[in-house]
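In what follows, a structure is listed as structure tokens, so that the remarks can point back to it.
Proteins come first, then strands; the chains are lettered A, B, ... in the order of their sequence lines, and each starts at number 1. It should be emphasised that the depicted structure is a prediction, and the values quoted were computed from it without experimental measurement.
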Number of protein chains: 2
Amino acid sequence: MVPGMGHCDIHATLERAGLSKTSQRVAVLTALVHAETPLSARDILERVSGEGRINRVTVYRILASFKAGGIIRELATDHGENFFEMACRHNPAHPHFYCRSCRSLACLPSAGNQERWIREYREADEAIETVAIHFTGLCRRCRSENAGHPVRRLRGPRGDRRVSP
Amino acid sequence: MVPGMGHCDIHATLERAGLSKTSQRVAVLTALVHAETPLSARDILERVSGEGRINRVTVYRILASFKAGGIIRELATDHGENFFEMACRHNPAHPHFYCRSCRSLACLPSAGNQERWIREYREADEAIETVAIHFTGLCRRCRSENAGHPVRRLRGPRGDRRVSP
DNA sequence: AAACTCTTTGCAAATGAGTTGCATTTATTG
DNA sequence: CAATAAATGCAACTCATTTGCAAAGAGTTT
Ligand SMILES: [Mn+2]
Ligand SMILES: [Mn+2]
Ligand SMILES: [Zn+2]
Ligand SMILES: [Zn+2]
């Protein structure tokens, strides 16, 4: 990932993409530019809810427009929660690691040959638009913590959470 | 992908995994073994609903146990609908192509160096358990069909579908 | 074969990410 | 500053997937 955020200027980016500079768009973009790791829509909503009002739906719509404008990249995960990262930083394209326990997403270093390898596939079928390389497992933190450490629960009925079988 | 289904014997597979041979498990496994492409939980439910009764939830639970037993592999997509494929066929691990329009998933040929490449990453971080390579775009059929061809809609409010803006 | 015990189902209800229509508020322009 | 197209808030909705619990089954033991 690119260390500084040099050419990732908020206002310039919005202008270049032909998007009006609303407070919400600036807030979302700022959160993404300062993020250490890719963020989920929920992450963004949390980080932005502090300053000014913003609706959940608006976040999704803004993310859609950023993606359409090539400003950000969307990263899918199992479990249906997707993440987003600035395209200007996070270059070149690289694999990501998803922790199946805490459901966090981290960037991995780009393999040297990955670019070429991806290009070969692209040539084989012109229809290819995006490529994603996704590793899954347990992150360091989840590995070191107590083995029986409960997995974050996203779906299911309300009611008392099961504590131990 | 392995052409025949040779060693993918239904009963032997269940036995090897220590799973009792219920009619539902046999049905789901049969659907997966005969599938030409990876199947979603919904696909499986449809193909199995004909013979005998089976519940949607049961399909999910069976798929979870098959996955835990290493019998099948789960393939995530954007849009939250996941697919499943037999691990015995579909070897070695290979990339998949997901059509963002009709939301179908297809297997791609395994790149020669992919295996080695994956191994390198695995060595870099022991926590890695699975690797997925995911291409997105428009499949041949969706490309040839009328450009304005409507995208399959999964979420959203009830009511008249928008016909044209 | 009947009784018993451990699994697996079916059903109903829920969850949560992401969508959409529509009324209201803004950003931008003249 | 008024006019207008675009962006946002809100409420309602979809849908893949998950969970608790009670009923049905499978494999085993009398
Ligand atoms: Mn990244
Ligand atoms: Mn495959
Ligand atoms: Zn973790
Ligand atoms: Zn298609």
Results of salt bridge (charged side-chain N to carboxylate O under 4.0 Å, His left out) for A:E46 - residues two or more places apart only
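Partners of A:E46 by the salt bridge (charged side-chain N to carboxylate O under 4.0 Å, His left out) criterion come out as none, since no residue qualifies.
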[N] [atom2] sits how many Å from [X] [atom1], rounded?
| X | N | atom1 | atom2 | result |
| --- | --- | --- | --- | --- |
| B:D78 | C:dA17 | CG | P | 17 Å |
| A:H79 | D:dT19 | NE2 | P | 10 Å |
| A:R100 | D:dT17 | CZ | C1' | 18 Å |
| B:L14 | D:dG27 | CG | C1' | 15 Å |
| B:L63 | D:dA16 | CG | P | 14 Å |
| A:R103 | D:dT17 | CZ | C1' | 11 Å |
| B:K67 | D:dT18 | NZ | C1' | 14 Å |
| B:H11 | D:dG27 | NE2 | P | 11 Å |

Detail all sub-3.5 Å separations between protein N/O atoms and N/O atoms belonging to nucleotides 6-9 of chain D.
| residue | atom | partner | partner atom | Å |
| --- | --- | --- | --- | --- |
| D:dA7 | OP1 | A:R25 | NH2 | 2.6 |
| D:dT8 | OP1 | A:T22 | OG1 | 2.8 |
| D:dT8 | O3' | A:Q24 | NE2 | 2.9 |
| D:dG9 | OP1 | A:Q24 | NE2 | 3.4 |
| D:dG9 | OP1 | A:R53 | O | 3.3 |
| D:dG9 | OP2 | A:N55 | N | 2.9 |
| D:dG9 | OP2 | A:T58 | OG1 | 2.4 |
| D:dG9 | N7 | A:R61 | NH2 | 3.1 |
| D:dG9 | O6 | A:R61 | NH2 | 2.8 |

Below 4.0 Å: OP1/OP2 of C:dT19 and any side-chain N or O of A:Y60:
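It does not, given that no N or O in the side chain of A:Y60 lies less than 4.0 Å from OP1 or OP2 of C:dT19.
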Below 4.0 angstrom from OP1 or OP2 of C:dG18, is there any side-chain N or O of A:N82?
yes
Restricting to side-chain hydrogen bond (donor to acceptor under 3.5 Å, both in side chains), what partner residues turn up for B:S20, sequence neighbours left out?
B:R25
Could I get the full list of side-chain hydrogen bond (donor to acceptor under 3.5 Å, both in side chains) partners for A:R47, not counting sequence neighbours?
none
Under the rule for ring pair (Phe, Tyr, Trp, His ring centres under 6.0 Å), what residues qualify as partners of B:F97, not counting sequence neighbours?
none
When the nearest nucleotide of DNA chain D is assigned to B:K21 and to B:F83 on a heavy-atom basis, which residue is associated with the more 5' position?
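Whichever sits nearer the 5' end wins; that is B:F83.
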So, A:E81 and A:R103, do they make that salt bridge, N to O below 4.0 Å?
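Here A:E81 does not pair with A:R103 in a salt bridge, since their nearest N and O are not under 4.0 Å apart.
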Between B:Q24, B:M86, B:H34, which is the residue that forms a side-chain contact (heavy atoms from CB on, under 4.5 Å) with B:L29?
B:M86
Using the salt bridge (Lys or Arg N to Asp or Glu O under 4.0 Å) rule, collect all pairs that involve residues 65-80 of chain B, keeping only residues at least two apart or in two chains.
B:K67-B:E74, B:R73-B:E85
